[in-house]
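Remember, it's a predicted structure, so these values are computed and weren't measured experimentally.
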Amino acid sequence: MAPPALFATGVDMKLLPRDAPPRTVWTLSQAGIHPLLARLYAGRGVQDPQELDSGLAHLLPPSSMKGMAQAATLLADAIAAQQQLCIVADYDCDGATACAVALRGLRLLGAEHVGFIVPDRVVDGYGLTPSISTRVKATGADVLITVDNGIASVEGVAQAQALGLKVLVTDHHLPGAQLPSADALVNPNQPGCTFASKSMAGVGVMFYVLLALRAELRARGVFSKDTEPKLDGLLPLVALGTVADVVRLDANNRRLVAQGLLRMRRGQLPTGLAALFKVAGRDVTQASSQDMGFAIGPRINAAGRLSDMTLGIECLRTDDPGLGLQLAEQLDAINRERRTLEGDMREQALLLAESLMDADDEPPAALCVYDEEFHEGVVGIVAARLKDLHYRPCFVFAASESEGQAVLKGSGRSIPGFHLRDALDAVVKMHPGLLLRFGGHAMAAGCTLLEDDLATFEVALQQIAEQWLSPATLAQSLETDGGLEAAYLRPDMVQALHKEVWGQGFAAPVFQDQVEVLSQRIVGEKHLSLKLRLHGQEVDGIWFGRTDSLPAKAVLAYRLDINTWQGRDKLQLQIENMQAA
């Protein structure tokens with residue numbers, strides 16, 4: 001099954017074929033890589049066949065990550081002293097997988113007392129706060145370990161240390177002006193870190209810490225090469241968190257994901273993760289990065305959005321088949337609730353956005369919407385939908401509470417060329433104190449403010465957007481892999497493509513060709529079902545989210561997919577867009 005459409009708005013756009021240098025394609029082909037894959041890889045910047053070697057031996061060494069030696073020493077000392085460890089996780093899929101990896105891995109390496117706390121999105125907010133540090137101390141812990149958070153938790157770390165806790169921060173987010181004074185800090189994005197991959201997810205960072213800890217324990221004589229625990233069983237969880245967090249799939253991340261997928265397909269995966277594949281109706285023996293990004297990851301994320309991420313973590317850490325299935329079914333039910341809630345919120349958000357259009361039905365430079373009924377656990381998803389529809393930076397706000405104070409919490413999504421976190425920083429410079437908290441990245445960011453300040457924020461963000469955005473930035477285009485040879489229009493080629501690792505920064509293949517439209521009809525009230533002729537062959541097509549009819553001939557951008565009906569596999573083109581006239 002292919003992932004959801006990239007653009008479901010029905011807005012025709014310019015299709016831009018990627019450049020795949022012929023010499024590079026030839027080099028990759030000569031190394032034994034399938035000619036089509038060679039072209040796809042070359043178009044994504046791969047130049048050396050070794051970049052495609054997914055062997056664990058090619059992983060970047062943990063020793064090249066700043067703070068790793070201190071982290072390994074801290075943990076090895078704690079294990080030797082039989083101290084109690086407590087993990088503070090984040091409430092998304094990356095945080096949940098990182099916590100599960102830490103729990104499983106630390107126990108494998110000899111830690112007997114390991115617990116965890118995951119903040120509540122609504123009650124606690126994000127990260128290691130002073131109150132969370134106090135809760136950790138109350139558990140009797142000696143060492144506090146953050147996963148997928150902590151780089152911005154200056155006050156939380158200080159509170160933990162004041163209470164006598166040793167603190168290890170493992171994170172991957174961009175640091176602020178001040179780093180926390182942790183006893184050990186591991187983050188490839190911290191100043192002075194020479195680790196070559198700056199795109200690692202939080203779960204990947206924690207996995208690397210475990211690799212370094214094992215090496216430290218081996219150096220101390222606790223294990224030998226023959227007796228040390230195997231950590232590769234954690235790779236399915238590393239793969240899931242890496243894909244679900246939508247980090248850039250550079251060569252190192254692709255190796256981690258490929259190794260995780262390999263074990264999933266062999267049935268070597270945690271019991272709860274296998275149960276999640278079952279409730280999602282996905283075949284784990286054919287596991288793909290698309291499965292993790294669009295089926296498994298959302299079911300884990302739903303717990304953090306609407307309930308308690310403890311459910312997700314317990315599902316990923318259990319080895320009890322019955323409990324694993326029970327928790328997976330709970331997560332599936334929560335995800336169905338999330339989809340319903342998201343649909344209702346999206347409809348209301350679309351109405352609010354429409355009210356902001358000008359006389360020419362053009363949206364403002366940046367969109368901000370708020371309704372008192374919005375749920376803060378879903379604002380990010382709705383902001384992404386608005387961004388896709390209107391192709392503008394978008395913020396969606398929901399009422400919340402922070403330290404006993406009524407506030408609005410907003411989640412934003414952006415378009416290429418408009419750095420959202422930098423925009424929030426510019427808002428703060430224009431109006432000091434307007435934002436109580438803010439952070440994020442270029443394409444996604446969040447902020448907290450008082451309800452009375454929303455109008456000021458909206459005006460400021462629009463002013464910045466008007467200054468930074470240009471017609472070129474707002475011109476929508478879609479990168480494609482050019483035309484597809486007729487010989488590759490077959491189901492087994494689709495299956496071969498699905499087995500490869502695709503994701504953020506290493507996009508799944510989208511081809512473009514001129515087709516003849518033989519017939520078209522609306523199905524499910526909002527999708528266009530097509531009969532097409534491509535390279536002389538009749539093929540089925542589906543365009544999700546489009547009801548406008550197509551001309552008799554059109555240049556379409558499409559993914560290869562398989563439609564299984566009555567046990568038979570049939571090729572289907574999933575249409576992404578049409579070349580703008």
Side-chain angles (χ1 to χ4, degrees), residues 16-66 68 172 188-189 193-201 203-205 207-208 211-212 231-232 235-236 238-239 241-243 245-265 287-290 292-293 416 479-485 487-488 492-512 559-560:
L16 302 176
R18 292 183 177 87
D19 178 34
R23 180 172 290 276
T24 304
V25 176
W26 181 85
T27 300
L28 297 176
S29 297
Q30 289 300 301
I33 296 168
H34 188 283
L36 176 58
L37 288 174
R39 174 160 71 89
L40 297 176
Y41 288 142
R44 285 154 181 77
V46 174
Q47 298 182 352
D48 188 329
Q50 187 169 311
E51 295 178 56
L52 301 170
D53 190 327
S54 61
L56 291 175
H58 292 286
L59 284 176
L60 295 170
S63 58
S64 62
M65 199 178 296
K66 184 178 180 180
M68 193 63 82
H172 70 119
N189 288 302
C193 184
T194 59
F195 191 72
S197 173
K198 303 298 182 182
S199 303
M200 185 170 282
V203 66
V205 174
F207 179 70
Y208 261 62
L211 293 177
L231 297 178
D232 64 327
L235 285 166
V238 176
T242 298
V243 172
D245 211 45
V246 204
V247 295
R248 188 171 69 86
L249 293 184
D250 59 19
N252 204 61
N253 279 339
R254 291 201 305 276
R255 290 186 183 106
L256 291 170
V257 173
Q259 289 290 331
L261 284 171
L262 182 67
R263 285 159 179 78
M264 288 184 203
R265 293 166 187 160
S288 69
S289 48
Q290 286 82 9
M292 291 185 286
E479 276 194 309
T480 76
D481 293 289
L484 180 67
E485 294 87 337
Y488 300 141
D492 66 307
M493 198 69 240
V494 184
Q495 293 166 341
L497 291 178
H498 281 189
K499 288 181 178 178
E500 299 300 308
V501 175
W502 312 106
Q504 181 69 19
F506 208 77
V510 175
F511 304 99
Q512 72 173 78
R559 297 179 190 270
L560 290 180

Go through Tyr41 and Glu51 one step at a time and tell me if the side-chain hydrogen bond (donor to acceptor under 3.5 Å, both in side chains) criterion holds. CA-CA 10 Å; Tyr41 288 142; Glu51 295 178 56; over 6 Å; no

Please walk me through it: do Thr242 and Asn253 pass side-chain hydrogen bond (donor to acceptor under 3.5 Å, both in side chains)? CA-CA 7 Å; Thr242 298; Asn253 279 339; 5.0 Å; no

Take Met292 and Val257, measure what side chain to side chain contact (heavy atoms under 4.5 Å, CB included) needs, and give me the verdict at the end. CA-CA 10 Å; Met292 291 185 286; Val257 173; 4.1 Å; yes

Please assess Tyr208 against Met200 for the test side chain to side chain contact (heavy atoms under 4.5 Å, CB included), listing each intermediate value before the final yes or no. CA-CA 10 Å; Tyr208 261 62; Met200 185 170 282; 3.6 Å; yes

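Summarising the geometry, atom CG belonging to Asp53 is positioned 11.5 Å from atom CZ belonging to Arg254; distances are rounded to the nearest 0.5 Å. Here CG of Asn189 is found 7.5 Å from OG of Ser199. Values are rounded to the nearest 0.5 Å. Put simply, CG on Asp481 and CD on Gln512 are 9.5 Å apart, with the number rounded to the nearest 0.5 Å. Here the OG atom belonging to Ser54 is positioned 7.5 Å from the CG atom belonging to Leu262, to the nearest 0.5 angstrom.
Between Leu231 and Leu211 the shortest side-chain heavy-atom distance falls below 4.5 Å. Annotation: side chain of Met493 is in contact with side chain of Leu36 (closest heavy-atom distance under 4.5 Å). Side-chain atoms of Glu500 and Ser288, non-hydrogen and from C-beta on, never get closer than 4.5 Å to each other. The side-chain heavy atoms of Arg248 and Lys198, taken from C-beta on, include no pair separated by under 4.5 Å. In this structure the side chain of Leu235 reaches within 4.5 angstrom of the side chain of Phe207, judged on heavy atoms. A heavy-atom distance below 4.5 Å is not found between the side chains of Leu40 and Phe506. In this structure the side chain of Val247 never reaches within 4.5 angstrom of the side chain of Gln504, judged on heavy atoms. For the pair Val205 and Met68, the minimum side-chain heavy-atom distance is 4.5 Å or more.
Taking His58 as the reference, nothing meets the ring pair (Phe, Tyr, Trp, His ring centres under 6.0 Å) condition, with sequence neighbours excluded. Legend: residues meeting side chain to side chain donor-acceptor pair (under 3.5 Å) with Asp245, ordered by chain and number and at least two apart, are His172.
Shortest non-hydrogen contact noted between Thr24 and Val46 is CG2-O, 3.2 Å. Nearest heavy-atom pair, Asp48 versus Leu28, reported as atom, atom and distance to 0.1 Å: C-CD2, 4.1 Å. Counting all heavy atoms, side chain and backbone alike, Leu484 lies closest to Arg39 at CA-NH2, 4.3 Å. Closest of all the heavy-atom pairs between His498 and Gln290 is O-OE1, 4.0 Å. Contact record, Pro509 with Trp502: CD-CE2, 3.6 Å, taken as the closest heavy-atom pair. Heavy-atom minimum distance, Leu37 versus Ile33: CB-CG2, 3.9 Å.
Judged by distance alone, the side chains of Gln259 and Arg255 never bring a donor and an acceptor atom under 3.5 Å apart.
A donor-acceptor pair is defined here as one N or O able to donate and one able to accept, closer than 3.5 Å; such a pair exists between the side chain of Asn252 and the backbone of Leu60.
A centroid separation of less than 6.0 Å is found between the aromatic rings of Tyr488 and His34.
By the neighbour-count criterion of 12 heavy atoms within 6.0 Å, atom NZ of Lys66 is densely surrounded, having more than that number from other residues, nucleotides or ligands.
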